[in-house]
Amino acid sequence: MAMSQNFGKNLVFLPIVAAVILIQLLTAWTGSVYYLTQLTMSAYYSLLIVGLCVLMGYAGQISLGHAGFFAIGGYLSAALTTRNLSPYSGQLPVRLLDSLGCLHAGQDLYGDPLLVVTPWVACIIAILVALAIAFILGIPVLKLKGHYLAMATLGFGIIIYRIALASSYFGEADGISGVPGFALLPGLLVSGDKAYRVSNYYIAWTVLLLAMLLLRHLINSRVGRALRAIHGSPEAADAMGVDTARFKLKTFMLSAVFSALAGVLLTHYNGGIGPSEASVMKSVRYVAIVAVGGMANIWGALAMGMVLNFLSLRGFFGTYDDAVFGLILITIMLFAPNGILSLQVRGLWRQRGLFRRKKPAVKEA
Amino acid sequence: MTSELFIQYLMAGITYGSIYAIVAIGFNIIYNTTGIINFAQGEFVMLGGMLSITFLQYLPLPLAILLAVVVTMGIGAAIEMLFIRWLVNPGILRMIIITIGISILIREAALHVWGANVRSLPYFFGNEISTIAIFGARVSPQVLWVVGTCSLMVVALNIFFQATSIGREMRACAANRIAAVLCGIDTRNMVTLSFVLSAGIGALAGAVMSPITYTQYDNGTGLAIKGFTVAILGGLGNSLGAVAGGLLLGIIEAFSVSVVPLAFQDAIAIAILLVILFVRPHGLFGSSAMAGLKEF
Amino acid sequence: MTILQVQGLSKRFGGLQAVDGVSFPLRQGTIKAVIGPNGAGKTTLFNLIAGMLTPTAGEITYQGKAIQGLPPFRVAAQGIARTFQNIKMFAGMTALENVMVGRHVQSKAGFLASMLRTSGCRAEERAIHKKSLELLDFLGIADCAETLATNLAFGQQRAVEMARALALEPTLLLLDEPAAGLNIYETAEIARLIVRIRDLGVTVLLVEHDMSLVMDISDEIVVLSFGRKIAEDIPTVIQRDPEVIKVYLGE
């Protein structure tokens, strides 16, 4: 019975998978394959956004610094896979990495020897660093509430931005370009090369939907219930034996990993990363999208993440891009603090039973 | 370090410090009456500078600044009436997001009106190279304008809050909103007034600092972070603490120039902010018992 | 056998001595009530035991372990569950989900296991679900399982809170004014319920205003006045205690 129940719950993914395939086929038929580029990028941004959604909506912790984790992932993997280690090839750490097969030798444009870290290793290092920073930062920061938490995470984001902007290792204002493709499996390359456009679209969506599946499981589990309990009544959760500090911290780390992974993959896809990815405006934008999606609603976050990022990347908002996100933030918070779906539409769906798993037994009669 | 250099750093620190203090006091005024941290506080300062520069084309300097301050006050009032006044019991998270949204809108509007160029008001007396000697160090006379104006504002605000009936009503509203309502104080107007006041002092500071620090559409965020750091240093809601905190941060920043690379200057304030938040969230001068009563 | 021993427990708030050197034992499998006029320090005493407050002095020994000053979630992990005077439901969760949170300390799936939905995790989840439904049934509110807890009637919320506390499988249950806000019928029902819980082998410590409830169900009563214990005995003796009568009825 449980098996069928589980299967039934995950049926939610079917229409989405169908839509993903349909959109790809549509772009192929209509000769507008170029849309796939922005759809792929939006999927990676949405990966960050659904992670932030769990942190904000379920654990109830605001973060105005998640672009920082994205940048940690992106910048580290970019720097490690492009910065030449051959001048240091005699030194112990480099020799050690090399003997473990973590390095890739090649030639640069001028035929000089180039020794860089392989994408897989760089990816793992980037994610571990993000995890470690989230852990170290999270312990003191998550003790704060409200304005203090917002400002502290904002401060973290700005520090990451400053580091990216000020250090030559990270390319200062130019960022890092020439990042190689990332072969997830032989023949499955994360790369912005036109030849890989379709496969990358599917890679991005596979990663995103896998992430959704994991988060869905998480939310409907002991951990998810504990998180929602913390949100619902911190004292009662505490009295039920929930170690609130620990759960907040772990959620913070989880969302940091999602952000860093998004940064790693998008950087390989774009072939580079610049400091604007670490800017405060990006962090604010992610918060805006989570808010529009309805805070504690990963599907809303996914939908809004796709729509808003796609429109923004297509240049739909023109020079008013940031202003649009500002306006969205204000409007949503003023008129629909529970997200766009909380407006009439959702009420309608509820009535028709589309959002219910079980039809309510009619008791009035 | 020579004594001239020392005094020069010190004066620079005091100049910036007074501006941070004004931004922090702006935070405090609104926080005290509403419990909201207005993330758009830095934008008032930017607006003060930008509007003065624009009005200067048509008006003499004092009038241009006056008009800029009045217009910014109007914007402050409009923000409160449009976005804050009619919300029933909004959560802190909601208010944070709304004021962030407002700050983005103001900043983007400024970008479209004034462009991304750095602008500045002319020096009130003399020009970039005119200096006066203080204890053997040469500093710009504008520094005196900044420090003088900021000090006057602090004194005037103190008199306002202590000696006028409106000021006392605002303090009553800060101390206990419900009790203030029961005493017949119109707390909603007090909230509007707090936005007007903090917009006004921010704008005036923005105008007098413009010749030295320049004005750009995105000045606000950095100032807001520093102002907030100072407000926390001095204990949120404590304006004399804010003055001390402002001077402290300004001087630390000024002297750190010789140690910390310029690109990381902003990081100093943030590092101080993070350390203070973790170690003494009630501020250097506040008591933890008092802080416990506040809703963060 | 003594399951909980309170020894010389004191709590001072600034100039106010809210609890002053209170000592009493709690025998396993009994119902003990703490009563006293308003401001006697009942709630403070309760919060000291539940870990919400740290005592200024004194010891709380639970099954041989000192637990004073432990945070509430660690106290809960020892097998001590509690309810709240002004009910604290988890907003946005159904009655069933509220009770399922109560299984927290009796289950262990972490972030990774939950995300991957391992077979162990699935089995645990089924067990949690089953046990929680049983508890709702035990309290006679099984048909409310899928209703948002905050939409339930007050009495039902109280029952959900009780089920949630029982889901911990506590050896000691702390009840903070369980009859507050209930009418006499509901109070009588709660009284029967508390006795049934005691008969399951759970030790109960309750703080209560409602004298009839306390006298009916308690095995022993502790009376506090101005933070001090002035009497401790079985209900029939307490009812005749001149000092208790003086405290309650005045001179």
Side-chain angles (χ1 to χ4, degrees), chain A residues 56-57 60-62 64-65 137 139-141 143-168 172-173 279-281 283-285 287-288 290-291 295 317 319-335 337-338, chain B residues 27 31 35-40 79 82-84 86-87 90-109 111-112 218 221-222 224-225 228-229 231-232 236 261-279 281 291 294-296:
Chain A
M56 283 180 47
Q61 307 299 304
I62 191 177
L64 289 170
L137 182 75
I139 291 175
V141 162
K143 286 195 184 123
L144 306 171
K145 286 185 209 141
H147 300 119
Y148 286 28
L149 178 65
M151 276 291 181
T153 50
L154 185 66
F156 159 73
I158 294 179
I159 286 184
I160 299 291
Y161 177 63
R162 287 288 158 195
I163 292 173
L165 205 56
S167 51
S168 57
E172 293 168 353
S279 69
V280 172
M281 235 355 262
S283 294
V284 171
R285 171 179 296 210
V287 171
V290 172
M295 292 289 184
F317 307 129
T319 53
Y320 293 95
D321 204 43
D322 285 344
V324 165
F325 280 92
L327 200 60
I328 288 175
L329 267 185
I330 296 181
T331 319
I332 287 295
M333 280 298 121
L334 285 180
F335 301 111
N338 296 317
Chain B
F27 273 122
Y31 177 80
I36 296 170
I37 291 291
N38 171 30
F39 279 70
I79 287 173
L82 279 177
F83 302 121
I84 316 281
W86 52 276
L87 290 178
I92 284 183
L93 184 65
R94 207 167 152 203
M95 291 317 307
I96 291 174
I97 295 180
I98 289 175
T99 57
I100 287 177
I102 294 168
S103 87
I104 294 170
L105 282 192
I106 297 179
R107 196 185 324 142
E108 291 299 307
L111 175 63
H112 281 273
D218 62 353
T221 318
I225 293 265
F228 185 78
T229 306
I232 299 289
L236 205 52
L262 206 59
F264 290 107
Q265 278 294 294
D266 280 356
I268 294 175
I270 296 164
I272 292 176
L273 172 66
L274 291 179
V275 170
I276 281 287
L277 282 180
F278 300 156
V279 183
K294 283 183 189 150
E295 210 184 313
F296 292 134

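Any value given below was found using the heavy atoms of this structure, including those in side chains, with hydrogens, waters and symmetry copies removed. What you are looking at is a predicted structure, and each value in this text was computed from that prediction instead of being measured. Letters A, B, ... are given to chains in the order of the sequence lines, protein chains preceding strands, and every chain is numbered from 1.
The shortest side-chain heavy-atom distance between B/R107 and A/M281 falls under the 4.5 Å cut-off.
With values rounded to the nearest 0.5 angstrom, A/I330 atom CD1 is found 4.5 Å from B/F83 atom CZ. Taken to the nearest 0.5 Å, the CG atom of B/L105 stands 5.5 Å off from the CG atom of A/L327. The structure places CG of A/L334 at 4.5 Å from CD1 of B/I98, a figure rounded to the nearest 0.5 Å.
Between chain B and the residues A/A166, A/A288, A/A323, A/G155, the most heavy-atom pairs under 4.5 angstrom are made by A/A323. When A/M56, A/K143, A/M151 are compared by the number of non-hydrogen pairs under 4.5 Å with chain B, A/M151 comes out ahead. Note: B/I104 leads B/T229, B/T99, B/I104 in heavy-atom pairs under 4.5 Å with chain A. Of the listed residues A/I159, A/D322, A/I328, A/I62, the one with more heavy-atom pairs under 4.5 angstrom with chain B than any other is A/D322.
Using a 4.5 Å cut-off between heavy atoms, A/I163 touches chain B through backbone and side chain atoms alike. For B/I37, the parts sitting under 4.5 Å from any heavy atom of chain A are the backbone and the side chain alike. Residue B/I232 touches chain A through its side chain alone, counting heavy-atom pairs closer than 4.5 Å. The contact between B/L93 and chain A is made entirely by side chain atoms (from C-beta outward), counting heavy-atom distances below 4.5 Å. For chain A, the nearby parts of B/I97 are the backbone and the side chain; heavy atoms of each come within less than 4.5 Å. With a 4.5 Å cut-off on non-hydrogen atoms, A/V324 does not touch chain B at all. Heavy atoms closer than 4.5 Å to chain A are found in both the backbone and the side chain of B/I102. For A/T319, the parts lying under 4.5 angstrom from a heavy atom of chain B are both the backbone and the side chain.
Applying the side chain to side chain contact (heavy atoms under 4.5 Å, CB included) rule to A/L144 yields the partners A/Y148, A/L149, A/A152, B/L277, B/F278; only residues at least two apart in sequence or on another chain are considered. Considering only residues two or more places apart in sequence or on other chains, A/D321 meets the side-chain hydrogen bond (donor to acceptor under 3.5 Å, both in side chains) condition with A/R285, A/S312.
A donor-acceptor contact shorter than 3.5 Å links the side chain of B/R94 to the backbone of A/M333.
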Output, in order, the C-alpha distance, side-chain angles, deciding distance and verdict of ring pair (Phe, Tyr, Trp, His ring centres under 6.0 Å) for A/Y320 and B/H112. CA-CA 9 Å; A/Y320 293 95; B/H112 281 273; 4.1 Å; yes
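Of all the heavy atoms in B/I96 and A/A150, the pair that sits closest is CD1-CB, 3.9 Å.
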